[in-house]
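The structure appears right after this line, and notes come after that.
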There are 2 protein chains.
Amino acid sequence: MSTRDQFIATAQRLFAAKGFYGVSIAAIAQQMGLTKQALLHHFGSKEKLYGEVLQRISGELMACTDEIIASRVDPLERLTELVLAQYRLQMADQDAARLIMRELLDNEPRAGAAANWYLKPYLETLVDTLLSINSARERSRGQALAAIYQFLGAAHYFAVSQPTLGRMFGDALYNEARQHYEEELRQMIESRLTIAAR
Amino acid sequence: MSTRDQFIATAQRLFAAKGFYGVSIAAIAQQMGLTKQALLHHFGSKEKLYGEVLQRISGELMACTDEIIASRVDPLERLTELVLAQYRLQMADQDAARLIMRELLDNEPRAGAAANWYLKPYLETLVDTLLSINSARERSRGQALAAIYQFLGAAHYFAVSQPTLGRMFGDALYNEARQHYEEELRQMIESRLTIAAR
DNA sequence: GTCTGCACTTACCAAGTGGTAAGTGTCCGC
DNA sequence: GCGGACACTTACCACTTGGTAAGTGCAGAC
């Protein structure tokens with residue numbers, strides 16, 4: 001793993017834990033036994049490093065999304081898999097999930113606002129897919145977005161809560177909830193879209 | 001409104017927008033045309049101010065929660081109202097919602113970790129209420145927590161997304177989704193708990 | 001050998017950080 | 001009029017911030 005990639009990985013971990021302003025470039029470099037000027041040598045500025053972290057994350061999500069879109073044609077199945085895949089990715093890399101959540105919270109545009117150019121097409125895809133599921137029932141884009149947001153919110157929120165829940169109730173209960181969660185999500189999506197089709 | 005309360009309100013707004021580390025006490029004071037020492041005079045330290053902001057927020061949520069627990073006995077109705085009330089509060093004060101979300105993300109304990117002593121009893125109440133809805137079906141605490149988290153995640157996530165969604169798609173679409181969202185939440189809870197009762 | 005590019009260092013900077021100390025003015029009870 | 005509590009100020013502190021400048025050491029090319 002190149003020094004550069006190591007920087008990105010370390011930065012992702014720290015940014016996820018304490019946020020952009022909560023981490024100094026010196027702290028990131030120190031974690032790797034280097035000086036902050038080594039970091040600046042590779043990335044030029046703190047913002048650019050942050051941008052690269054976001055870019056790597058959104059790249060992974062987009063790749064995963066594209067694959068599902070290519071392989072699943074049935075809209076209900078596609079929508080379900082898109083949400084579940086996103087959930088699995090976030091559970092597998094919870095630092096990434098936290099970072100994206102932080103990006104969602106920060107209303108100021110920063111470092112190219114990387115969350116946008118991945119999140120927007122992703123959301124558009126989800127909304128379009130949902131709208132194509134049952135053309136019979138009239139459904140506005142706003143209503144579709146509301147439904148999508150339930151799914152994503154339920155998934156993302158849970159993926160991000162491990163530290164807090166672990167601290168509150170112990171990791172055992174979180175892990176127990178985790179065992180059920182994916183299935184719960186699947187049922188939630190199914191029941192929502194099935195009821196909607198009535 | 002006292003200077004002190006103004007400080008808390010201003011701090012809440014700024015902390016919500018940029019996080020604890022992203023805002024300096026000088027910036028907060030400057031917004032009110034005062035010096036940072038005026039702020040320190042009232043609160044002693046940045047952490048204490050932050051703590052007071054969290055305390056005010058959690059106080060409101062707890063008051064609202066207690067009232068519902070006192071007035072609703074039917075568990076399904078109580079659970080639904082608890083989640084919806086939380087959602088309404090968060091939509092009414094989106095800065096507060098963002099702050100709590102940030103608190104959820106920060107795994108380090110800080111400023112008394114105010115989110116804990118409000119969030120934990122709140123979650124416990126929700127889990128207990130859910131478990132009492134249908135004692136016939138065996139259900140573990142972890143499973144109950146998973147269900148609860150779907151509801152809260154869907155609500156909280158949406159409440160926090162206005163800036164991002166507004167930037168992405170324009171406020172019109174967000175407002176349209178918003179019109180439907182509370183009803184969507186209600187249906188989601190109902191269908192989840194109704195199916196569970198089968 | 002010497003030159004070049006690369007990864008990385010030490011040294012330094014202006015600006016900003018949270019916080020302390022010591023006032024300054026103003027209102028209020030007496 | 002006076003003493004003290006209160007709200008707030010200026011002045012200052014040690015420290016950290018992101019970033020620049022100028023090397024240093026070391027590989028490979030010629």
Side-chain angles (χ1 to χ4, degrees), chain A residues 1-56 99 102-103 105-115, chain B residues 1-56 99 102-103 105-115:
Chain A
M1 198 185 203
S2 71
T3 304
R4 191 188 160 82
D5 289 343
Q6 256 183 289
F7 265 124
I8 295 180
T10 307
Q12 174 177 322
R13 212 180 66 241
L14 294 182
F15 280 144
K18 308 186 76 180
F20 182 79
Y21 301 109
V23 186
S24 67
I25 54 176
I28 298 169
Q30 196 184 5
Q31 281 259 327
M32 295 172 53
L34 296 176
T35 62
K36 64 173 176 169
Q37 285 70 17
L39 188 157
L40 286 172
H41 167 70
H42 285 286
F43 299 95
S45 78
K46 186 185 186 183
E47 296 239 331
K48 281 180 191 156
L49 167 61
Y50 185 76
E52 296 229 21
V53 172
L54 284 186
Q55 196 166 343
R56 199 188 70 162
L99 248 178
R102 285 190 192 279
E103 205 57 18
L105 289 173
D106 294 339
N107 35 16
E108 21 144 21
R110 187 177 52 199
Chain B
M1 199 186 203
S2 73
T3 304
R4 191 188 160 81
D5 289 342
Q6 256 183 288
F7 266 125
I8 294 180
T10 306
Q12 173 177 323
R13 213 181 65 241
L14 294 181
F15 281 142
K18 309 187 74 181
F20 181 78
Y21 301 110
V23 187
S24 67
I25 53 175
I28 298 170
Q30 196 183 7
Q31 281 260 326
M32 295 171 53
L34 295 176
T35 63
K36 64 173 176 169
Q37 285 70 16
L39 189 157
L40 287 172
H41 167 70
H42 285 286
F43 300 95
S45 79
K46 186 185 185 182
E47 295 239 330
K48 280 180 191 157
L49 167 62
Y50 185 76
E52 295 229 21
V53 172
L54 284 186
Q55 196 167 342
R56 200 188 68 161
L99 247 178
R102 285 191 191 279
E103 205 58 17
L105 289 173
D106 295 339
N107 34 16
E108 24 146 18
R110 187 178 51 201

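Below, read A as the first sequence line, B as the second, and so on, with proteins coming before strands; counting in each chain starts at 1.
The phosphate of C/dG18 has neither OP1 nor OP2 within less than 4.0 Å of any side-chain N or O from B/Ser45. Residue B/Thr3 has a polar side-chain atom (N or O) positioned under 4.0 Å from OP1 or OP2 of D/dC8.
Rounded to whole Å, atom C1' of D/dT16 lies 13 Å from atom NZ of A/Lys18. The OH atom of B/Tyr21 sits 13 Å away from the C1' atom of C/dG18 (whole-angstrom rounding). Rounding to whole angstrom units, NZ of residue B/Lys46 and P of C/dG16 are separated by 15 Å. Following rounding to the nearest Å, B/Leu14 (CG) and C/dG18 (P) show an atom-to-atom distance of 12 Å. With rounding to whole Å, A/Arg4 atom CZ is found 14 Å from C/dC6 atom C1'. Between the NZ atom of A/Lys48 and the C1' atom of D/dT20 there is a distance of 14 Å, rounded to whole Å. The CD1-C1' distance, from A/Ile25 to D/dT20, rounds to 11 Å in whole Å.
Separation of atoms CD1 (A/Ile28) and CD (A/Gln12) is listed at 11.5 Å; rounding is to 0.5 Å. A/Ile8 CD1 to A/Tyr50 OH: the interatomic distance, rounded to the nearest 0.5 Å, is 14.0 Å.
For DNA chain D, the residues of residues 32-43 of chain A within the heavy-atom distance limit of 4.0 Å (strictly under) are A/Lys36, A/Gln37, A/Leu40, sorted by number.
For B/Arg4 (side chain) and B/Phe43 (main-chain N/O), no donor-acceptor pair under 3.5 Å exists by modelled atom type.
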Which pairs, protein N/O on one side and nucleotides 23-26 of chain C N/O on the other, fall under 3.5 Å?
none

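Counting non-hydrogen atoms of other residues, nucleotides and ligands closer than 6.0 Å to CD of B/Gln30 gives a total of 12 or fewer.
A cation-pi contact, defined as under 6.0 Å to the ring centre and within 45° of the axis, links B/Lys46 to B/Phe20.
The shortest side-chain heavy-atom distance between B/Glu52 and B/Asp5 does not fall under the 4.5 Å cut-off.
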